[in-house]
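Predicted, not measured: the structure shown is a model, and the values here were computed from it. The figures that follow rest on heavy atoms only: side chains count, while hydrogens, waters and symmetry mates do not.
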Amino acid sequence: TARAPAAPATSRPRTVEAIFRDFSARRSGLVRALTSDVDDFFDSCDPDKENLCLYGHPDGTWEVSLPAEEVPPELPEPALGINFARNGMNRRDWLSLVAVHSDSWLLSVAFFFGAPLTANER
């Protein structure tokens, strides 16, 4: 079953510790999607749908959905179109590719939140 979209965070993390907690929770959601919930994740990535993205949320949940329509988006955009290669690749290779893109997205989100911090706050 697909996950319901998680509610957006009410505030952006403003300390190194809060950014790390956000990173850790998002990572937990992504790891869950790619391991224990892998069958649900695989089914959510229908190649006949438009450009889908895998999101990890700050509450530890995950979601496969279209990219944010807001310009600029609230967060850096994860890899677009993870669903297109699903049936053209070995399942394990496809999951590894999604995992690599997810790692990159997690780091970009952490840097996005950390960029406004001053040297003392870092």
Side-chain angles (χ1 to χ4, degrees):
T1 60
R3 301 283 178 227
T10 55
S11 66
R12 117 188 225 144
R14 300 188 186 282
T15 65
V16 170
E17 293 80 10
I19 293 168
F20 181 73
R21 282 191 303 274
D22 180 90
F23 174 91
S24 296
R26 289 178 190 276
R27 182 181 179 281
S28 292
L30 295 173
V31 168
R32 188 174 305 109
L34 296 168
T35 57
S36 60
D37 294 349
V38 71
D39 291 329
D40 289 341
F41 170 65
F42 188 84
D43 292 342
S44 298
C45 294
D46 183 349
D48 294 329
K49 292 184 180 172
E50 296 196 31
N51 287 322
L52 295 177
C53 300
L54 173 60
Y55 292 91
H57 294 292
D59 64 357
T61 61
W62 60 271
E63 172 187 13
V64 172
S65 68
L66 295 171
E69 291 184 25
E70 306 162 12
V71 178
E74 180 181 310
L75 289 175
E77 191 173 88
L80 257 178
I82 60 169
N83 51 317
F84 294 139
R86 187 192 80 173
N87 291 344
M89 295 178 71
N90 170 286
R91 182 175 167 136
R92 179 174 285 187
D93 293 341
W94 176 74
L95 290 169
S96 294
L97 181 66
V98 173
V100 166
H101 287 293
S102 296
D103 281 348
S104 298
W105 177 72
L106 280 173
L107 288 173
S108 68
V109 170
F111 278 87
F112 177 80
F113 287 145
L117 299 178
T118 66
N120 287 339
E121 291 170 327
R122 280 184 243 140

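Using a 4.5 Å cut-off between side-chain heavy atoms of Ile, Leu, Val, Met, Phe, Trp and Tyr, with links allowed through other members, Val100 and Phe41 fall into different hydrophobic clusters. Note: the hydrophobic cluster containing Val38 also contains Leu52 (ILVMFWY, side chain heavy atoms under 4.5 Å, direct or indirect links). Under the 4.5 Å side-chain heavy-atom criterion for grouping Ile, Leu, Val, Met, Phe, Trp and Tyr, Val16 is connected to Val109 within one hydrophobic cluster. In the hydrophobic cluster analysis, where Ile, Leu, Val, Met, Phe, Trp and Tyr join through side-chain heavy atoms closer than 4.5 angstrom, Val98 is grouped together with Met89.
For the atom pair OG1 of Thr61 and CZ of Arg32, the computed distance is 8.0 Å after rounding to the nearest 0.5 Å. Between the CG atom in Leu107 and the CZ atom in Arg27 there is a gap of 10.5 Å [rounded to 0.5 Å]. To the nearest 0.5 angstrom, Asp43 atom CG is 11.5 Å from Asp37 atom CG. Summarising the geometry, atom CG belonging to Asp40 is positioned 11.0 Å from atom SG belonging to Cys45; distances are rounded to the nearest 0.5 Å. Separating the CG atom in Leu117 from the CD1 atom in Ile19 is a distance of 4.5 Å, to the nearest 0.5 Å.
The side-chain hydrogen bond (donor to acceptor under 3.5 Å, both in side chains) pairs that include a residue from residues 98-113 number zero, where partners must be two or more places apart or lie in different chains. Counting only residues at least two apart or on different chains, no ring pair (Phe, Tyr, Trp, His ring centres under 6.0 Å) pair has a member in residues 73-93.
Here the closest heavy-atom approach between residue Pro116 and residue Arg12 is recorded as CG-NH2, 3.3 Å. In terms of heavy-atom proximity, Leu30 sits nearest to Gly56 at CD2-N, 3.6 Å. Residues Asp22 and Pro13 come closest through the heavy atom pair CB-CG, 4.0 Å.
Side chain of Asp46 to backbone of Asn83: no donor-acceptor contact under 3.5 angstrom is found.
Residues meeting the side chain to side chain contact (heavy atoms under 4.5 Å, CB included) test with Pro67, sequence neighbours left out: Cys53, Tyr55, Glu77, Leu80. Under the ring pair (Phe, Tyr, Trp, His ring centres under 6.0 Å) criterion, Phe42 pairs with Trp94, not counting sequence neighbours. Residues that satisfy the side chain to side chain contact (heavy atoms under 4.5 Å, CB included) test with Asn90, not counting sequence neighbours, are Arg92, Asp93. Among residues two or more places apart in sequence or in another chain, the side chain to side chain contact (heavy atoms under 4.5 Å, CB included) test is passed with Thr118 by Asn120, Glu121.
Heavy atoms from other residues, nucleotides or ligands lying under 6.0 Å from CZ of Phe111 number 12 at most.
Between Trp62 and Val31, the closest side-chain pair of non-hydrogen atoms is not below 4.5 Å. Using a 4.5 Å heavy-atom threshold, the side chains of Leu75 and Arg26 count as touching.
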Criterion side chain to side chain contact (heavy atoms under 4.5 Å, CB included) on Leu106 and Phe23, from CA distance to verdict:
CA-CA 7 Å; Leu106 280 173; Phe23 174 91; 3.6 Å; yes
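Between Asp39 and Arg91 there is a salt bridge, with a side-chain nitrogen of the basic residue lying less than 4.0 Å from a carboxylate oxygen of the acidic one.
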